[in-house]
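Working notes, structure below.
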Amino acid sequence: MLDKKYDFKEKEIKWMDYWQENKIYEFKPDQREVYSIDTPPPTVNGKIHIGHIFSYSQAEMIARYKRLRGMNVFYPFGFDDNGLPSERLVEKEQGKKAHEIGREEFSKLCYDTTTKYEEEFKKLFRRAGFSADITNAYKTVSPSSTKISQLSFIELAEKGACYHKESPALWCNECLTSIAQAELETKTIKTLFNYLNYETTDGETFTIATTRPELIPAIVCVFVNPEDEKHKHLIGKTAHIPVIDEEVPILADDKVAIDKGTGVVMCCTFGDQTDIEWWKKYNLPLKNIFTEDGRIVDSVKNYGGLKIKEARAKIIEDFKEAGYLVKQEELEHEVQTHERCGKEVEYTVMKQWFIDIMNHKKDFIEIGNQIKWYPDHMHIRYNEWVENIMWDWCISRQRYFGVPFPVWYCKNCGKVVLARKEDLPVNPLTDKAPIDKCECGCTEFIPEKDIMDTWQTSSITPLINMKYGEKDNYEEMLKPMSLRCNAHDIIRTWDFYSIVKSFYNFGEKPWENVMISGFVMANKGEKISKSKNNSKMEPFELLETYGADIVRYWAGSGKLGTDIVFNDETFLRGKKLINKIWNVSKFIEMHLADYQDKEFNDFEYVDKWIIGKFEEMEKGFIKYLDNYEMGLALNHLEKFFWNFCDNYIEIVKHRLYRPEEFGDTPRYSGQKTVYMLLYKLLQDFSIFFPFITEEIYQELYKDKASIHLTEIKELTYDFKDEVKNGDAMVDIISQARGEKSNNNLSLKTPIKNLVISVSDALADAINKSIKDFKATLFIDNLEINNSSDNNYSIEKIELDLEEKE
RNA sequence: GGGCGUUUAGCUCAGUUGGUUAGAGCACUUGCCUUACAAGCAAGGGGUCAUAGGUUCGAGUCCUAUAACGCCCACCA
């Protein structure tokens, strides 16, 4: 028997454990078609927020849907625990920087810390009813992931897709590492635009404007536009820079914007992307004036040792004192910052490992074209990113915790020595190089101490999922995987890099479909951020307050790819829906006590109506889900469900209660209908509400170990006429109820006499369901007239007013 | 500056390929304890579908332009 009230706190724990104990979601290859999901391994940075629930739930619903469609769902789970987020977390918890702790000790701390937080994540996902196999989650720093990551790297190196080269790269002097373009975040800051006077060696004064005067010691030349009437005569002359007392050439380049600043620009190596371009184009000298941790190098006179911002202030002070500062303007502009720490990035020249992006943009676009993107416009975003990318992918990081490069260098000639594939995983810092002697005769090898970009590993989750390179692998089964799902913020990283890797490792697309979800916003246009602390609710708190089913109702609402604002009303709506599902199930259970399921086709008219309505609804429901629109599918289902409760149940209840009046067969027809439709409704709802549907299923049906192992079988009735006339009948019932309502009467008030005018077809329908119709409205006498057209109307209604007292 | 998305009832949003009086929930109004549910039920008020043009027998839906808001990217001199 179903409880009077549904207690989610008790039931959700119960089923959570049941699913785990009975391995309901375990993947075993069999005859069925495999549907595989490549879900993002969350970054373990200690902070679980509502966005995790939102985006992961949507993918989870697809897993449940595909399972219900009879597919063998491969839905693994993992954690991305290497890289900067973990390191920053540990540094924060320890109150010390990595280099102060020491490499080995620090890496161990990272491993332990991420493992600890992973347990929190696992708890959360289990609690939210996730059907992934979370107990067997992979870690991106585990030996097996490291092995696959290194193997993928070596394959790329062998194919010439990655190279080791001294080249300018983006540098974060907070995190002390190089980073990739995809890790940049634009920020608007207020700064000063400084107008400074320089002179040519023949004595002419000209003005340049700069926001970064601290770069002046790195100046290598001055540029003007060759079309600039005001300045073009300067071309070829030599500029004297006051204060630092240096001389540099004045060159021409048409990339200089005449109307920006003063139209004269200094080129420093390096202040920005354009400086790098000019440096390469004109073969300019290199002046690296910043230390790795964001200070001016000691060799710079007067400014050596100062932090960047200190140097900025001091140099302006010096220009002012010397009389070369013309003016300062306040300026708001965009700067590139490192997304992990928010600090402005610099450029540096170091030997780094890069993966070739620029030569294969067309291939990456082509693979993008072979993948179906949901929603479609996210594909455009991907293309935009690929078309606009300017750098090869720098994958070396001067950090500690992560996958080591399987690489040594010959001490004498510098030749790169790659690990042997059979030796993987390796750590060159502790393992020996695979050869004793280099071609050059040298026997000493220097280990690479950089580690790989975290995306270098997380971008190969398809390979990790298929146990790439292992003996019993899933390579054939998972190539390509069915679905990749993530939020739109990591299209340019996770999705893009995965495509890059898949292109190089396999020469084909990594997945058939990509599903992109939106973001949870704190308010309209305001992202949830830790610093603002504007997240309205914490995930565990929400799950405690509402239960997983209702949280999932919220997460599954809305259109795919659309950002969502946290909204109490949606929770309330979900709560009501859950409550209704419970109550109607109780009602149905009550009337199934003597029910025996058997073949039956003698359905009452009204029963055919609701069965037909269901069939119609389920077609749309399936169509939405096939397009990964679970929110719209849920909406559609919900709409049917309320109609089922408020109209159909209200009609059929009289027949169910009083067989002596309606007959046993008509009652059985009603029983069969509710038995069949509730089963199907529970299945459909189980995608969104795995807990309550399981509870009801186990009480009422239980033909499998779990509702989540059942299969949706579409109905094949054809009740089109019944649907049409039934809808009209319900409309007449509603009109008659309106009469009662308008007279402030109970719906139980009898109707002494009802005269309606309807078409032949509708009259036939009402006559076929005359008992149901009269019982629903408490009609004593009914008169049906023929209407000349297809319209229907109530001609006369007499209410029994005496009943009121 | 380039691209994308959004704009429908007071609020939050649906509206599948253009087809009769534009829908839901919340809020509001008026009733109803009706043998599943008062966390409920019934009925009702409320919208010139951002604006301006265009295509069409017919436009919330298609096309063009404009505006506001949001997102991604570029712009750091």
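Below, chains carry the letters A, B, ... as their sequence lines are ordered, and counting in each starts from 1. Worth knowing before you read on, the calculation uses all heavy atoms, side chains too, and leaves out hydrogens, waters and symmetry mates.
Pairing for B:U17 is absent, with no Watson-Crick or G-U wobble pair whose two atom distances lie under 3.5 Å. Look at B:U35: it lacks any Watson-Crick or wobble partner with both distances under 3.5 angstrom. Pairing for B:G46 is absent, with no Watson-Crick or G-U wobble pair whose two atom distances lie under 3.5 Å. With a cut-off of 3.5 Å on both Watson-Crick or G-U wobble distances, the partner of B:A59 is given as none. Base pairing analysis places B:G5 opposite B:C69; the two distances defining the Watson-Crick or G-U wobble pair are each below 3.5 Å. Of the nucleotides present, none pairs with B:C76 by Watson-Crick or G-U wobble criteria with both distances under 3.5 Å. Nucleotide B:G25 forms a pair with B:C11, judged by Watson-Crick or G-U wobble geometry with both contacts under 3.5 Å.
Across the C1' atoms, B:C4 and B:A9 are found 28 Å apart, a figure rounded to whole Å. A gap of 12 Å separates the P atoms of B:A39 and B:A27, to the nearest Å. Nucleotides B:C33 and B:A38 have their P atoms positioned 14 Å apart, rounded to a whole Å.
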_Stepwise ring pair (Phe, Tyr, Trp, His ring centres under 6.0 Å) check, A:W554 with A:Y546_ = CA-CA 11 Å; A:W554 165 77; A:Y546 294 97; over 10 Å; no

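Distance from the side chain of A:N579 is smallest for B:A39 among the nucleotides B:A42, B:G15, B:A39. Considering only side-chain atoms of A:Q273, the nucleotide from B:C76, B:U35, B:C75 that sits closest is B:C75. With B:G25, B:C37, B:U16 as the candidates, the nucleotide lying closest to the side chain of A:R573 is B:G25. Nearest to the side chain of A:K576, among B:G40, B:A39, B:U34, sits B:G40. Comparing B:G31, B:G15, B:A39 against the side chain of A:L632 picks out B:G15 as the nearest. The listed nucleotides are B:U34, B:C26, B:C76; the one nearest the side chain of A:L747 is B:U34. Side-chain atoms of A:D272 lie closest to B:C76 of the nucleotides B:A39, B:C32, B:C76. Taking the side chain of A:E650 as heavy atoms from C-beta on, and the options B:C37, B:C75, B:C26, the nearest nucleotide is B:C37. The side chain of A:T186 sits closest to B:A74 out of B:A74, B:C37, B:G31. Ranking B:C76, B:C4, B:C71 by closeness to the A:K260 side chain, first place goes to B:C76.
Here A:F519 lies out of heavy-atom contact (under 4.0 Å) with every strand. Using a 4.0 Å heavy-atom distance criterion, A:K639 is classed as making no nucleic acid contact. A:G271 comes within 4.0 angstrom of a base, heavy atoms only. Nucleic acid contact class of A:Q336 (heavy atoms, under 4.0 Å, all strands): sugar-phosphate only. Here A:K748 lies in heavy-atom contact (under 4.0 Å) with sugar-phosphate atoms only. Using a 4.0 Å heavy-atom criterion, one finds that A:W582 contacts no nucleic acid atom at all. Nucleic acid contact for A:E185: none, since no nucleic acid atom lies under 4.0 Å from a heavy atom of the residue. No engagement by A:I208 is indicated, since no non-hydrogen atom pair under 4.0 Å with the nucleic acid exists. The residue A:C645 sits close to a base: some heavy atom pair falls under 4.0 Å. No contact: A:T191 has no heavy atom under 4.0 Å from any strand. When heavy atoms are screened at a 4.0 angstrom cut-off, A:H377 is found touching the sugar-phosphate backbone but no base atom. A:Y553 comes within 4.0 angstrom of nothing in the nucleic acid, heavy atoms only. Nucleic acid contact for A:I578: none, since no nucleic acid atom lies under 4.0 Å from a heavy atom of the residue. Nucleic acid contact class of A:V264 (heavy atoms, under 4.0 Å, all strands): sugar-phosphate only.
Annotation for A:E660: atom CD counts as buried by contact number, over 12 foreign heavy atoms lying within 6.0 Å.
Side-chain contact, A:D495 with A:N486: a donor N or O sits under 3.5 Å from an acceptor N or O.
Separation of the A:H591 and A:F587 ring centroids falls under the 6.0 Å cut-off. If you look at A:H231 and A:F206, their ring centroids are not closer than 6.0 Å. You'll find the ring centres of A:F641 and A:F685 inside the 6.0 Å limit. The aromatic ring centroids of A:Y195 and A:Y324 lie 6.0 Å or more from each other.
Relative ring orientation between A:Y675 and A:Y701 is described as tilted, the plane-to-plane angle lying within the 30° to 60° band.
Between A:Q181 and B:A74, a side-chain N or O to OP1/OP2 separation shorter than 4.0 Å is present. Between A:T562 and B:G5 there is no side-chain polar atom (N or O) within less than 4.0 angstrom of OP1 or OP2. For A:K580, a side-chain nitrogen or oxygen approaches OP1 or OP2 of B:C41 to under 4.0 Å.
Of the two residues contacting RNA chain B, namely A:Y624 and A:S585, the nearest-nucleotide position lying further toward the 5' end is that of A:Y624. Nearest-nucleotide assignment on RNA chain B puts the 5′-proximal partner with A:N635, out of A:N635 and A:I733.
For B:C72, its base never sits under 3.5 Å from the side chain of A:E384 at any donor and acceptor pair.
Salt bridge annotation for A:K11-A:D3: present, with a cationic side-chain nitrogen under 4.0 angstrom from a carboxylate oxygen.
In this structure, the CG atom of A:D7 is 15 Å from the C1' atom of B:A39, given to the nearest Å.
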